[in-house]
Structures are given as C-alpha cells and as structure tokens.
Amino acid sequence: MKGIIFKKYRCAFKTKSFSSKIVKSFFLVLITVPLLSIVSCSSSEDEPKNPINEETSKPYSVTVYETNKNLPAPGKLISEFSDSPNNYDISKAIDGNKNSDFVTEKNEFYIQFNADYNVIVTDYSFTSSIKSPTKDPKSWDFFGSNDNSKWNLIDSRENQVFDSRSQTKQYTFVNDKEYKYYKFQINGNNGGKGVQIAELRINGYPSSVDDIISKYAEGYSDSSSTPMGNHYANKHQTTDEDVAWLINPDNEPETPSHVSHLKWQEKKIVLYPFGEPLPADVNQHSIGDCSALAVFASMAYVYPEFVKSLITDNGNNSYTVSMFDPQGKEVKVAVSSKVLVDDNGTIQAVSGKNNVATWATVLEKAIIKWNCIYKVNTDIGGIGSEHVAPLFTGDGNSFAFYPGKLSAYQMARVVKVSLINGKIMVGGFNKGGLNADGGQTVTGHAFTLMHSKNSSALFTMRNPWGGEKDGILNILNDGTIQPTIDLRIINPGKASEFGSGILVPYNPPSFSAAQNKVRITSNL
C-alpha cells in the first residue's frame, strides 16, 4: 500500500517553513505531439487540399485532446463543409490564437463537437476575425444531444454584432443537462460571402468520472454491515451510559498517547474568526492527525454551512457536536473549552491563525472524546481520512487512486468533477522534498484538494500546517509532482443536504505575516 490513503500516519514532522519566493513553474510543452490532428473525410493525404470555392457536402473533423482549453473534454470538432483553404480549417477556431481564423464560404452550416464523455455546458463564446466584419456570424442555434440524432435546443441568438475586431462575446444560459454531442447551426452572417471565426470556446464540465473510476479506483472502504464503512464494522454499540457520558462536557477525554506531554487548559474559542468556516481556520500543531484536519478543511471548503450545523454553542464555555456512532446512528458529544497546550500554555491542538481555538479545535476534541467510548482509533494520531469524515457525515463509502495511476488530465478531471459533485477530497505525495509552487512536497502527510485560482494549474492542494499562502500548493502539469499524488474521495453523506458541490477556486482570506506563522513542534 502506498500514499497517505492506505496507511495510518502520525504525521510526525519537524518544523517546516515555506519560502516566500514564488518559484515560477511552466507546463512542459511536448512539441512532438500536436494538439490537433486533422482528419479529412473528403480527400486522401495524396490529394491536394480543397480550394475554398470547391463545393462539397462532406464534413471533416479535428481531434481534440485533453490539453485543449477551448473545449471542455477531448473528442472531435466537426465542420459541416470541408471548403476551408489551407491554414483556415476548423482547428483554427480552437487553437487559442485570435490572429488565426476558421473560414468557410458557406453562410449557413454547422459546427459540431462530439465529446468523448458527457459534459454539462454552462456558456460559450465567439471571437471575431481580425478581417472583414461582414463575415462575422450573426445568427445561430445551439443544440445538445446524447444520441447524435435527437437534438435539443439549448440557446438561440439573432442579429449579433461584434463591435470590434478580435472581440470575444460570451453567451451564458441556464443549463443543467448533460450531453455528449453539441452543435452550432449557423444561420447567417453580416452580409459577406462566407463566415470567419477567430475563436470558438465552449465552457462546461464533465458530469461524471465513472469511466476513470471503473478502471483505476482501488481501496474501497464501503461495508455491508454499517454505512460508516469497513473500519467501523462490528464495533461497540452505544449504551445509555455512553450517551450520558458523551453529552456531559465535564467529562474530559484522556490526552492522546502520542502527545502525552500535553495537558488540557481552558482557552477562549472563536468558532468562526472570518465569519464563516474556512480552511484557513485549520492549522496543525503537535497532534499528528493531518488526515482529520485535511477532512475538516475540505468540509469547510465544500460545505461551510454543514460545518456550522455540527456545532451548538451552549453558552457556558461548552459545545455540543453532532456525530455518528459505529452503526451510523446519531450521537451527541459535548466538549468543554479546554484544549491541549504545552507547558507554556501555547495551543498544540489544531487552531486558527494566531493560535486561536476555532470550530476545528472543537471537532478535533470531539473525535478524541468519541474514541474514549468506542475505541476505534484509540489515538487520534494517524487516523485515516476515510475514518474521520463518516464521524460527522454518517457515510463511510470512499475509494482511492494510487500514485502514478492517472494521467495529469485524468487526475484534474477527477478532482474537478468530484468537487462539483460534492465529494470530500484528501490527497498526499509519495515523494517528499520536491519543489512545488514555492513550497515542498511532504510524505506521510495529508492535503486538501481544491480548485485553483491559477489557470495553469491542474488543481490546488492545501497543507493543514497552514503557513505561507495558507499552505496552498498549485499543482502544475510539469511531469514531476502530479505522478507522486494519491487521492482519497469520500462520499459527503449528510453534508450533501447543504449543497451539491463547489465550482469556486479557494481564495484564502487576508491575514498578516504574523498570522501566517504556525508553530509546528516535533514529537519525534
């Protein structure tokens, strides 16, 4: 077993600091592999290219690879007519270059996109040619289909005018239906002979990654005997005495054995320092429960309202947390405001910035107290992510991907679709010390998976240590970092009642340099 997903880890570590210098990373461009390959249905390789005025009704297509940013999936882009002159074929509409054009002599024709898998399209755009405005597309219909036969109208536009050359006009609409085939039926232009389009872009996202899961997923954690997952099968059943002990905040849990030098001390708790639960509220110290904290940050990122629903402030320096027992039945765990500190009184439990106890501190303590009764993880150090999430969501069904199993774009697709579908996502690295976005990879350590603000990144991974840039690492397709990553994807269970997922990149809140500094002590 490899990676953070298949082992228990204490996340024991030495003090780390992330460099403030941003290391510029660039995608490795494989110039030997073309982005698009033209497949003509109207002529063989030995025949000359069709001149622009040759009449033909045979469509021709270009292959679209995963790396293409103009379309939401790999597949084929098809032009109804193959009358484009050399260097003006349909590939020019999706080459990312506003100075190149797709040209057809027809005023009425279709452009069709056949995706390799179903996608949900949210908007599209056309960019006008640098040349004649009379050849801009003016009116069109946009359709979707799942059988390439029956077409459903998604959007329709008439009398569109581009005010300038190389102007991009974006068209948005309400659509929650997935299709495999999309088609633009161009119905007219601005009076010229033929149509010129500099760029066509279709924005959307895949509706599923079932094809990748069926082929590459491993490490399933589901159980036939409990919804909590196989880790909780055949465990202690809750008694009335258990309920009474757990709901009493005066009953303090034992200190976890791997940090037995720490002690419980009363501290002020600010549940939501930034107004809402945020990943920035989760900053690891001495306790080796990185997987738990990566789950906390994921819940705050995808389901902040769910996090708030878990905790009731009792108004007497105590908090009641909604949890589930090993059989998947709801149980309440009340904790006091005492948190684990060192001999100097500095918080060594998870905390927010400036060592302020937060909602994450409360949830961490609730897990420690829960295990005093159920003894599934007698020491929270090394607890697995798939063991943490069901304690709050009631759903222990999850699966994983080993490092090196997925290509960069398969992994990016898995992360994107899983977050959109509301999954809780945790990952790690099987090789440490690699430079990544100004920081370094760490083995035996869990990170939270998120969408990235960096358009060049595959996705973002947040280190629960916090620190520089709130622990954010933008993962680029540089051929080095991504192959070392493993993923654990966990069902959201009860959390799904609070939303369907997230499309927004993580945007860490503003905080001072002093707040960035998170104390990390070694317990080796």
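Atom set for the values below is all heavy atoms of this structure, side chains included, hydrogens, waters and symmetry mates excluded.
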Quiz prompt | Partner set under salt bridge (Lys or Arg N to Asp or Glu O under 4.0 Å) for Glu276, not counting sequence neighbours | solution = Lys308

Quiz item: Do other residues, nucleotides or ligands put more than 12 heavy atoms under 6.0 Å from the OH atom of Tyr272?
Solution: yes

Quiz item: What's the verdict on salt bridge (charged side-chain N to carboxylate O under 4.0 Å, His left out) for Asp101 and Lys135, showing C-alpha distance, side-chain angles and the deciding distance?
Solution: CA-CA 11 Å; Asp101 295 336; Lys135 294 185 179 182; over 6 Å; no

Exercise. Could you tell me which residues satisfy side chain to side chain contact (heavy atoms under 4.5 Å, CB included) with Thr134, sequence neighbours excluded, listed by chain and number?
Key: Ser132

Quiz item: Taking only residues two or more places apart in sequence, or in another chain, which ones meet Tyr171 in a ring-ring contact (aromatic ring centres under 6.0 Å, His included)?
Solution: Tyr124, Trp140

Quiz item: Going by the salt bridge (Lys or Arg N to Asp or Glu O under 4.0 Å) test, which pairs reach into residues 165-179, not counting sequence neighbours?
Solution: Asp136-Arg165

Quiz item: Heavy atoms, side chains only, cut-off 4.5 Å: are Phe306 and Thr393 in contact?
Solution: yes

Quiz item: Of Phe126, Phe109, Phe113, which meets ring pair (Phe, Tyr, Trp, His ring centres under 6.0 Å) against Phe184?
Solution: Phe126

Quiz item: Do Asn477 and Tyr409 have a side chain donor and acceptor closer than 3.5 Å?
Solution: yes

Quiz item: Looking only at heavy atoms, which two atoms of Pro464 and Leu293 are closest? And how far apart?
Solution: CB-CB, 3.9 Å

Quiz item: If you look only at pairs with a residue in residues 418-436, which of them pass as a salt bridge (Lys or Arg N to Asp or Glu O under 4.0 Å), with sequence neighbours excluded?
Solution: none

Quiz item: Got a sec, which residues hit side-chain hydrogen bond (donor to acceptor under 3.5 Å, both in side chains) with Asn507, two or more places apart in sequence or on another chain?
Solution: Lys453

Quiz prompt | Shortest non-hydrogen contact from Ile481 toward Ala436 | solution = CD1-CB, 4.2 Å

Quiz item: Which residue pairs pass the salt bridge (Lys or Arg N to Asp or Glu O under 4.0 Å) test with at least one member in residues 140-149, sequence neighbours excluded?
Solution: none

Self-check item: Parallel, tilted or perpendicular: ring planes of Phe143 versus Trp151, cut at 30 and 60 degrees
Solution: perpendicular

Self-check item: Partner residues of Lys416 under the salt bridge (Lys or Arg N to Asp or Glu O under 4.0 Å) criterion, sequence neighbours left out
Solution: none

Quiz item: Which residues pass the salt bridge (Lys or Arg N to Asp or Glu O under 4.0 Å) test with Asp155, sequence neighbours left out?
Solution: Arg157

Quiz item: Just checking, is any N or O donor in the side chain of Ser398 or Ser221 under 3.5 Å from an acceptor N or O on the other one?
Solution: yes

Quiz item: At their closest point, which heavy atom of Phe102 faces which heavy atom of Ala93, and how far apart are they?
Solution: CB-CB, 3.9 Å

Quiz item: If you measure from OG on Ser61 to CG on Asn114, what distance do you get to the nearest 0.5 Å?
Solution: 8.5 Å

Quiz item: Which heavy-atom pair separates Pro72 from Ile202 by the least distance, and what is that distance?
Solution: CD-O, 3.2 Å

Self-check item: Distance-only polar pair, side chains of Thr104 and Asp83, donor-acceptor under 3.5 Å
Solution: yes

Exercise. Would you check, one step at a time, whether the test side-chain hydrogen bond (donor to acceptor under 3.5 Å, both in side chains) holds for Lys92 with Asn97?
Key: CA-CA 8 Å; Lys92 302 305 179 183; Asn97 182 2; over 6 Å; no

Self-check item: For Asp222, side-chain hydrogen bond (donor to acceptor under 3.5 Å, both in side chains) partners two or more places apart
Solution: none

Quiz item: Do Phe429 and Phe447 have ring centres separated by under 6.0 Å?
Solution: yes

Quiz item: Looking only at heavy atoms, what is the nearest atom pair of Asp395 and Ile490, with distance?
Solution: O-CG2, 4.3 Å

Self-check item: Counterpart residues, side chain to side chain contact (heavy atoms under 4.5 Å, CB included), relative to Asn454 (two or more places apart)
Solution: Ser452, Ser456, Ala457, Asn474, Leu476

Exercise. Check Pro279 against Ala300 and note the closest heavy-atom contact, atom names and distance.
Key: N-CB, 3.9 Å

Quiz prompt | Point-to-point distance, once rounded to the nearest 0.5 Å, from CD1 of Ile111 to CD1 of Ile197 | solution = 4.0 Å

Practice problem: Among residues two or more places apart or on two chains, list those pairs meeting salt bridge (Lys or Arg N to Asp or Glu O under 4.0 Å) that have a residue in residues 456-467. | Solution: Arg462-Asp470

Quiz prompt | Cationic tip of Lys405 above Tyr216 ring, under 6.0 Å, 45° of axis | solution = no

